[in-house]
Amino acid sequence: MINAKATRFRDAVIVGGGVIGSACALALSRGGMSTLIVDNASVARPASYGNAGHIALEQPTPLASHAALRAAPGRLFAVGGALDFRLRDVAAWGPWALRYLQACQPDATRSGTQALSMLLSAAAPAWRTLVQDLAAPDLLIEHGHLLVWESAGAAARGRASWTAADTGVARLRDLSQGERQTLQSRLAVPLANGVAFDGTGQIADVSRLLATLDEVHRSRGGERIRGSVVEIGEVDGRAHPTLDDGTTLTPDVVVVAGGVGSGALMRRAGHVAPVVAERGYHIEGPAGDWGDLPPVVFEDRAMIVTRFADRLRASSFVEFARLDSPADPRKWERLRRHAEALGLPLAKAETTTWMGARPTLPDYLPAIGRSRRIAGLIYAFGHQHLGLTLSAITGELVGDLALGRTPALNLSPFDIARFERGWRLS
Ligand SMILES: Cc1cc2nc3c(=O)[nH]c(=O)nc-3n(C[C@H](O)[C@H](O)[C@H](O)COP(=O)(O)OP(=O)(O)OC[C@H]3O[C@@H](n4cnc5c(N)ncnc54)[C@H](O)[C@@H]3O)c2cc1C
């Protein structure tokens, strides 16, 4: 049975306590609502824990594009890249892939870029407000990030491509001599070239961020329980979530923020919600003499290295698979080989391993809005590679919806009903 307190009336129930659900819960409690987070995470830690910590404002073009499609063959795991498709799980990602192809049409990419640019422009101010609210301004480090290449060919192609790209509110520049020397002194391989981005940054420590969100939420009277929401129905014009032990809760507002798990719930509530698990991997170990470098993207290796407090994390891979299929140990092995080749501190120490899934919709835009099928049901999921970056602004927007205020941004591009048009594959 769930904690008896949970059955007590709450203004809002938030399904999912990852970074999106936690940011939403905090925004609702800030607005005076009593909140309950229901999260079913057990041993496996979700993407909100395992991500690279990068505030990635430089990526306003959704990955649903002709450019991404053209680049895909050269990025496959089989040829040394990060992109992989678990063939045994084709039933989980095949229908999603058909929708993805549709979303790669130039018009769709253009409107997707406009929508994502709008969200990303508001992301940094929302983060500044959130860390102030958490009384932990040091959680946000706005020190940009570096991107480097090891071969001259990759450097020439990469630099040309980034220079031509829309980098939104982030600004690209050449590495300063000091930056280049500092980074080079940490590495065992010579760098061919690199660039620096200003205006981006990182979360100082994602574990501490999640713990702080939880702590502040509780300090405002919010609760969090372990449990699985299996269904959301409508009773007397209100959304009522039912838990796996049969308990039905009766709040005014339900927010679905369950990452990949949101798909099944939303479909049971009558929505078309084709969210797929795009799984990523990391290895982590002591930071050694890495210093306080900002996140570094080793583009030829499709790997990002981020320092969190006294730990260093190397993350990579985009693996289309069922959420609960076994991890592929070859991916951790490859990360270890990269760490060794680069001479990272990670190569000299015991590392921990992690695998988890980005929640991704076919057009690489999140779903944020109010259900037109069930009164009081709000959703916020599908934040793909940008969930950490967009969590603070998503919390603000969901807070507006729940508290009956007009959201500060136009949410129509993020309406889940967009998938009801065209193919009904989910
Ligand atoms: C390797 C990797 C690196 C990444 N790096 C970055 C980065 O640098 N910057 C960035 O911005 N983003 C990054 N991301 C993406 C980011 O981590 C995700 O977009 C984000 O964490 C999604 O958060 P979420 O809260 O929606 O989902 P999750 O983190 O998956 O959390 C959802 C929670 O809901 C729970 N849940 C699901 N269904 C139910 C249910 N029915 N009942 C109860 N609970 C439920 C789950 O157990 C889970 O705890 C990365 C992702 C990966 C995998």
Side-chain angles (χ1 to χ4, degrees), residues 2 13-25 36-59 82 119-120 123 127 145 200-203 206 209-210 213 224-232 241-244 254-269 275 277-284 295 297 302-306 308 313-319 323-324 331 335 353-361 364 366-368 379-395 398:
I2 61 161
V13 168
I14 295 92
V15 185
V19 70
I20 299 291
S22 300
C24 292
L36 170 71
I37 295 177
V38 183
D39 189 280
N40 64 10
S42 47
V43 184
R45 286 174 294 183
S48 296
Y49 160 80
N51 63 69
H54 175 37
I55 300 300
L57 303 174
E58 79 287 0
Q59 299 173 26
L119 269 187
L120 286 169
W127 262 112
H145 73 283
T200 60
Q202 73 167 100
I203 292 304
V206 282
L209 167 70
L210 293 171
L213 282 166
R224 180 182 176 118
I225 56 162
R226 168 89 46 96
S228 208
V229 174
V230 290
E231 184 128 40
I232 300 173
T242 302
L243 275 63
D244 49 353
V254 176
V255 179
V256 172
V260 180
S262 308
L265 266 186
M266 292 296 284
R267 287 193 287 275
R268 259 176 249 134
V275 62
E278 252 196 274
R279 307 194 314 178
Y281 290 67
H282 82 221
I283 59 170
E284 189 180 289
V297 179
M303 182 174 85
I304 177 167
V305 173
T306 320
F308 295 132
R313 182 178 285 185
S315 320
S316 183
F317 299 112
V318 173
E319 179 191 65
L323 180 62
D324 52 2
K331 287 167 182 141
L335 284 171
T353 58
W354 173 90
M355 182 275 291
R358 306 167 185 91
T360 302
L361 289 158
Y364 280 81
I368 306 170
Y379 50 83
F381 63 93
H383 288 71
Q384 42 106 353
H385 297 231
L386 297 172
L388 181 71
T389 305
L390 296 175
S391 53
I393 183 61
T394 300
V398 166

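A quick note: this is a predicted structure, and the numbers were derived from the prediction, not measured. Atoms within each ligand, like the ligands themselves, are counted from 1 in listed order. These values consider heavy atoms only, across backbone and side chains, with no hydrogens, waters or symmetry-generated copies.
Between T389 and ligand 1, a contact under 3.5 Å exists for at least one N or O pair. In terms of N/O distances under 3.5 Å, ligand 1 is not approached by R358. At least one N or O atom of G387 sits closer than 3.5 Å to an N or O atom of ligand 1. Between L390 and ligand 1, not a single N/O pair is under 3.5 Å apart. Residue L388 has at least one N or O atom closer than 3.5 Å to an N or O atom of ligand 1. Between A47 and ligand 1, an N or O atom pair is found at a separation short of 3.5 Å. Among the atoms of A56, none of the N or O lies under 3.5 angstrom from an N or O of ligand 1. Not a single N or O atom of Y281, backbone or side chain, sits closer than 3.5 Å to an N or O atom of ligand 1. For ligand 1, the polar-atom distance check against S315 finds no nitrogen or oxygen pair separated by under 3.5 Å. Checked against a 3.5 angstrom limit, the closest N/O atoms of V229 and ligand 1 fall inside it.
At a 4.0 Å heavy-atom cut-off, ligand 1 touches L265 through the side chain alone. Contacts with ligand 1 closer than 4.0 Å are made by no heavy atom of R279, backbone or side chain. The part of V15 lying near ligand 1 is the side chain, judged by heavy-atom distances below 4.0 Å. When heavy-atom distances to ligand 1 are checked against a 4.0 Å cut-off, H385 comes that close only through its backbone atoms N, CA, C and O.
Residue contact check: G259 has heavy atoms under 4.0 Å from atoms 26 (O), 27 (O), 32 (C) of ligand 1. Distances below 4.0 Å separate heavy atoms of V38 from the following atoms of ligand 1: 43 (C), 44 (N). Atom numbering of ligand 1 starts at 1 in the shown order; those under 4.0 Å from a heavy atom of L386 are 10 (C), 11 (O), 12 (N). Which parts of ligand 1 touch G18 is read off a 4.0 Å heavy-atom cut-off, strictly below it: atoms 25 (O), 31 (O), 33 (C). The ligand atoms of ligand 1 that sit less than 4.0 angstrom from a heavy atom of G356 are 53 (C). Close approach of ligand 1 to A41 (heavy-atom distance below 4.0 Å) involves ligand atoms 47 (O), 49 (O).
In this structure, W354 and R45 have side chains that are in contact, with non-hydrogen atoms separated by less than 4.5 Å. When side chains are defined from C-beta on, F317 counts as touching L335, because their heavy atoms get closer than 4.5 Å. Within the 4.5 Å cutoff, the side chain of W127 has heavy atoms near those of the I203 side chain. Contact annotation: the side chain of L209 approaches that of L388 to within less than 4.5 Å [non-hydrogen atoms, C-beta and beyond]. For the pair I225/L243, a side-chain contact is recorded, criterion being any heavy-atom separation below 4.5 Å from C-beta on. No side-chain heavy atom of I20 sits less than 4.5 Å from a side-chain heavy atom of P359. With a 4.5 Å cut-off on side-chain heavy atoms, H145 and T306 do not count as touching.
Seen from the ring of Y49, R313 counts as a face-on cation partner, given the 6.0 Å and 45° thresholds.
No option in Q384, E278, H383 other than E278 meets the side chain to side chain donor-acceptor pair (under 3.5 Å) test with T360.
Residues D39 and G18 approach most closely at OD2-N, 4.0 Å, considering heavy atoms. When every heavy atom of V13 is checked against every heavy atom of V38, the shortest pair comes out as CG1-CG2, 3.9 Å.
Without hydrogens or angle criteria, T389 side chain to A56 main chain gives a donor-acceptor distance under 3.5 Å. A donor-acceptor contact shorter than 3.5 Å links the side chain of S316 to the backbone of A302. Looking only at distances, a side-chain donor or acceptor of S22 sits under 3.5 Å from a matching main-chain atom of G17.
Taking only non-hydrogen atoms, the option from S48, A52, G258, S391 nearest to atom 29 (O) of ligand 1 is S48. Nearest to atom 44 (N) of ligand 1 by heavy atom, out of I203, N40, I20, is N40. With atom 17 (O) of ligand 1 as the reference point, the heavy atom nearest to it among V318, N51, L57 is part of N51.
At a cut-off of 3.5 Å, with distance as the only test, no side-chain donor of D244 or S228 sits close to an acceptor on the other residue.
The closest approach between a heavy atom of W354 and any atom of ligand 1 is below 4.0 Å. The closest approach between any non-hydrogen atom of G227 and ligand 1 is below 4.0 Å.
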